[in-house]
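One structure is given below, encoded as structure tokens.
Only heavy atoms go into these numbers, but all of them, side chains included; no hydrogens, no water, no symmetry mates.
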Amino acid sequence: MKPAAVVLALAVAITPPAGAAQTVEVGGEVSASVRGFPQSPLFGEQRSARLSPSLAFAPEIEVGFGNGRWSLAGEGFVRVDAHDANRSHADLRELGLTYLGDRFTGFAGVGQVFWGVMEVHNLVDIVNQIDAVEDLDGEDRLGQPMISATVEGNWGALDLYYMPVFRERTFPHADARLRGPLPVHGQAVYGSGGGRWSPSFAARLFRTVGALDVGLSLFRGTSREPRFVPTTLGDGRPVLQPVYDEIDQIGLDAQWTGESTLLKLEAMTRGGHGERIYAVSSGVEHTLYQVLGSDGDLGLLAELMLDARDEEAPPTLFEHDLFLGGRWALNDVSDTSVLGGPVIDLSTGETLVFAELERRIGSDWRLAVEARFFSNADPGSIAYGIRRDGFFSLSLTRFF
């Protein structure tokens, strides 16, 4: 299908049904943030500013039609960053029409889909592209144009996805922090002749059996993870060129919920990056309620990540890593919570330490504090080039 035809089909598909809207909700958030880099940059091209402020705006709208059967919802995102030109960007996270039937749900437009159960690294989450200029954790995703359908039955729920266009991953600017030893050049190479207009397809079967939730997923199309090939620009500057291969992936995610314990598993196998990739993550979360007589609950977390891939595959931080951490929920009126701990490479001792704190201020404000630092970075790891780019951040958000 030609690009123009795809755009026209999506535009027709998300046209609201005739009739006046029954409900209209408008909201969103605006936030002011600052990142602090305690260490000076590793490379001379990087900006030397230790504090980097930014502003972000995320408006939302939802319109309901047809006695609750139809809804048109959208969410945008805009960030203006003082020191990273690539982090100053805008994205349409969601905008689409949803039909909700008794056992069928249909969607057309730009959407967000999340698969997975692990805390640190979600192996099976592959529908949306990572917005890598937002944070290192990979939790921020670009909006994905799609048409999807969900069919429900006694056997569970089946999700089907058609994605007509590919979104390239975002990367820091050549003079920004967190860029690595070589900047990523924007001109991508594709494994398919259709380039970014080569469609991708996905499906996921989800079922709950007693205390066990299980999802089995399939994906075929353009990899959301790029490989990087060293090259030079016309002026002789060395850069990394992203290469997006055509892949197939089979994924499994499962979670067993006990009275105070969660057992988690994610596994996937992927072909298309040279030798076939096999990866698995397993974990446990045990909650201690009302710790030391307080109202707070302490969750103890442990996750083991194993990933077998060769040098032809996209790089990953999580090849043989162990996460040991905790989640402390104070259960107070401000909904205060703290999450963090070290992620340790069991082969090299390389360690990523992260901490996240969130607290509401009244009903309309939220304060968030975050820290991410590397120690003992291994020269063979992708973390080695950003070993001096550990940072803390402070963000104040106003909801409306």
Does this structure show an ion pair linking R169 with E225, if we count only N-O contacts that are shorter than 4.0 Å?
no

Basic-acidic side-chain contact under 4.0 Å: R87, D131
no

So, R207 and D213, do they make that salt bridge, N to O below 4.0 Å?
no

Do the side chain of T23 and the main chain of G64 share a donor and acceptor less than 3.5 angstrom apart?
yes

Any donor-acceptor pair under 3.5 Å linking the side-chain atoms of T336 with those of R359?
yes

Check for a donor-acceptor pair, side chain of D245 on one end and backbone N or O of I247 on the other, with a separation under 3.5 Å.
no

Does R93 make a cation-pi contact with F77 (under 6.0 Å, within 45 degrees of the axis)?
yes

Determine whether Y162 and S148 make a side-chain contact, defined as any pair of heavy atoms from C-beta on separated by less than 4.5 Å.
no

Does one side chain, of E266 or N122, offer a donor that lies under 3.5 Å from an acceptor on the other?
yes

State whether the side chain of R47 and the backbone N or O of H83 hold a donor-acceptor pair below 3.5 Å, judged by distance alone.
yes

For N67, does its backbone N or O pair with a side-chain atom of Q22 as donor and acceptor, under 3.5 Å?
yes

When the aromatic ring centroids of F171 and F228 are compared, is their separation below 6.0 Å?
yes

Is R177 positioned over the aromatic face of F37, cation under 6.0 angstrom from the ring centre and no more than 45 degrees off axis?
yes

Side chain of E350, backbone of N376: donor and acceptor closer than 3.5 Å?
no

Before you tell me yes or no, could you show the steps for L252 and L265 under side chain to side chain contact (heavy atoms under 4.5 Å, CB included), namely the whole-Å CA-CA distance, both residues' side-chain angles and the distance that decides it to 0.1 Å?
CA-CA 8 Å; L252 172 69; L265 175 71; 4.2 Å; yes

Whether the S88 and D81 side chains hold a donor-acceptor pair (N or O, under 3.5 Å, no angle test) is what I'd like checked.
no

Taking every non-hydrogen atom, the tightest pair across G274 and E312:
CA-OE1, 3.6 Å

Using a 3.5 Å distance criterion without hydrogens, assess whether the side chain of S393 forms a donor-acceptor pair with backbone atoms of V34.
no

For S281 and E303, which I'm curious about, is there any donor-acceptor pair between the side chains at under 3.5 Å?
no

Distance-only donor-acceptor check, side chains R388 and S40, under 3.5 Å:
yes

Before accepting this row, confirm whether a basic side-chain N of the pair E319/R309 lies closer than 4.0 Å to the acidic partner's carboxylate O.
no

Passes side chain to side chain contact (heavy atoms under 4.5 Å, CB included), Q255 versus L262? Steps please.
CA-CA 7 Å; Q255 178 172 288; L262 301 177; 4.1 Å; yes

Distance to the ring centre below 6.0 angstrom and angle to the axis at most 45 degrees; does that hold for R196 and F166?
no

So, does Q112 use its side chain to make a donor-acceptor pair with the main chain of R141 at under 3.5 Å?
yes

Should D84 and R179 count as an ion pair when the cut-off is N to O under 4.0 Å?
no

Examine R360 relative to F399 and say whether NZ or CZ is less than 6.0 Å from the centre of the six-membered ring and inside a 45° cone about the ring axis.
yes

Just by distance, no angles: are the side chains of Y244 and Q129 close enough, under 3.5 Å, to form a donor-acceptor pair?
no

Quick one: does any side-chain atom of R69 pair with a main-chain N or O of L100 as donor and acceptor, under 3.5 Å?
yes

If you measure from the Lys or Arg side-chain nitrogens to the Asp or Glu carboxylate oxygens, is any gap between R372 and D137 under 4.0 Å?
yes

What heavy-atom pair brings S381 and L317 nearest, and what distance separates the two atoms?
OG-CD2, 3.8 Å

Using a strict 4.0 Å threshold on nitrogen-to-oxygen distance, state whether R79 and D91 make a salt bridge.
no

With a 6.0 Å cut-off on ring centres, are F65 and Y99 close enough?
no

Is there a donor in the side chain of R276 and an acceptor in the side chain of T269, or the other way round, less than 3.5 Å apart?
yes

Test log, rule side chain to side chain contact (heavy atoms under 4.5 Å, CB included), inputs E119 and R327:
CA-CA 10 Å; E119 191 67 52; R327 178 189 290 108; 2.3 Å; yes

Decide yes or no for L72 and E62: does some side-chain heavy atom of the first lie under 4.5 Å from some side-chain heavy atom of the second?
no

Return yes if some donor-acceptor pair links the side-chain N/O of N128 with the main-chain N/O of L142 below 3.5 Å, else return no.
yes

Q144 vs R224 side-chain heavy atoms within contact, under 4.5 Å
yes

Quick one: do the T105 and T150 side chains pair a donor with an acceptor below 3.5 Å?
no

Side-chain donor-acceptor pair present, T316, D307, cut-off under 3.5 Å
no

So, the side chain of S337 versus the backbone of W328: is there a donor-acceptor pair under 3.5 Å, distance only?
no

